[in-house]
J.: 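Below you will find the structure I want to go over with you.
Heavy-atom basis, side chains included; hydrogens, waters and symmetry copies ignored. Start at 1 with the first residue, then count along the sequence.
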Amino acid sequence: MSRELTVDIRRVGGRIGAEVVGVDLAQPLEPALVEEINSALLTHKALFFRDQRLEDADQVRFAGLFGELTAAHPTVPSVDGEPNILPVDGAEGVRANRWHTDVTFVRTPPKASTLRGLTVPPYGGDTLIANSVSAYQDLPDPLRELADRLRAVHTNDYDYAAPKTERAAEHRRVFTSRRWRTEHPVVRVHPESGERGLFIGGFAQSIVGLSPSESHDLLRILQSYVTRPENTVRWSWAPGDLVLFDNRATQHYAPDDYGDLPRRLHRVTVAGDVPVGVDGTPSRLVEGDDAGHYTPAAA
């Protein structure tokens, strides 16, 4: 017999996303409540907490309830004095308008990410999150069987859109100041739920054994299932909102649709483990180190 939930969880999307109502994240949370939130995260993949009025320390403490924390980023500097917090600032053309899963270019990508809204534009600037598990389930049988056997190389250094401003160009130089290439399974088995999901996104640049053009075409086909509207949820930010999403089962995207208006979020990520494919084979480094400066997760 299942235990009755003590927190109000309201679905906001058919296949992904739920709002958690009546929880003050600035206050200490009982272990049973943390367990409920984690269970809801496994079910809904992305959780939304409105109007939390948190300080940086509150966000760090909340994220830490779900495991050890990573440093802010492998290459990008943290908020001053806050080594776990990455500033996500849309100023001067630094925009994350590409579908991706956080930091998949290292061998141990984050388990989960938290985003907190500080300054948000009056229009635009939403965050889209996609369910990569339901995307996998949507695949036709022959394509699913093929994906189960594939491996993809993820890297933080590839030729994406040219920076439009000097600040964006400098951000890219910093982002690629250390280079990683990691081979991950295209289909990842979730370590808690056992679900299979497509593990690709913007950092996945090639399929092992295929040519660049073949890789591009196949990744494009697989990615099209992830970004189907029915597999996504769109969150419209208000200052104080906090979003928690499972980095092992989602991708996300921030549309560049707010002109030169200010938009600033803070991100804190929970350290993850080494992804494992359907055949039980773990991810492996192709180039770079184990990113030990970034994550305390076991390699």
J.: Can you establish whether the number of heavy atoms outside H293 located under 6.0 Å from its atom NE2 is more than 12?
T.: yes
J.: Taking all non-hydrogen atoms of both residues into account, name the closest pair between Y136 and G197 and its distance.
T.: CB-CA, 4.0 Å
J.: In plain terms, say whether R179 and D289 are close enough for a salt bridge, that is, a side-chain N and a carboxylate O under 4.0 Å apart.
T.: no
J.: If we ignore hydrogens and angles and just use 3.5 Å, is the side chain of S39 paired with the main-chain N or O of E36 as donor and acceptor?
T.: no
J.: Tell me whether R98 forms a cation-pi arrangement with Y253, defined as NZ or CZ under 6.0 Å from the six-membered ring centre and within 45 degrees of its axis.
T.: no
J.: Is it true that a side-chain atom of N131 and a backbone atom of T250 form a donor plus acceptor pair closer than 3.5 Å?
T.: no
J.: Counting N and O atoms only, with roles assigned by atom type, does the side chain of Q59 sit under 3.5 Å from a partner on the main chain of H266, one being a donor and the other an acceptor?
T.: yes
J.: Which one of I200, L146, V186 satisfies the side chain to side chain contact (heavy atoms under 4.5 Å, CB included) criterion with L218?
T.: L146
J.: Under a 4.0 Å threshold between the charged nitrogen and the carboxylate oxygen, would R178 count as salt-bridged to E287?
T.: no
J.: Check this for me: does any side-chain nitrogen of one of R53 and D24 sit under 4.0 Å from a carboxylate oxygen of the other?
T.: no
J.: For R263, check side chain to side chain donor-acceptor pair (under 3.5 Å) against everything at least two apart and list the hits.
T.: T127
J.: Determine, for R267 against D102, whether the closest basic-nitrogen to carboxylate-oxygen distance falls under 4.0 angstrom.
T.: yes
J.: List in chain and number order the residues that pass side-chain contact (heavy atoms from CB on, under 4.5 Å) with T281, two or more places apart in sequence or in another chain; answer none if no residue qualifies.
T.: R151, D279
J.: Check whether the side chains of D157 and W180 place a donor and an acceptor atom closer than 3.5 Å, and report yes or no.
T.: no
J.: With a 3.5 Å distance limit and no angle check, can you tell me whether R11 reaches the backbone of G14 through a side-chain donor-acceptor pair?
T.: yes
J.: Using a strict 4.0 Å threshold on nitrogen-to-oxygen distance, state whether E192 and R248 make a salt bridge.
T.: yes
J.: What I want to check is whether the side chains of S283 and T182 have a donor and an acceptor closer together than 3.5 Å.
T.: no
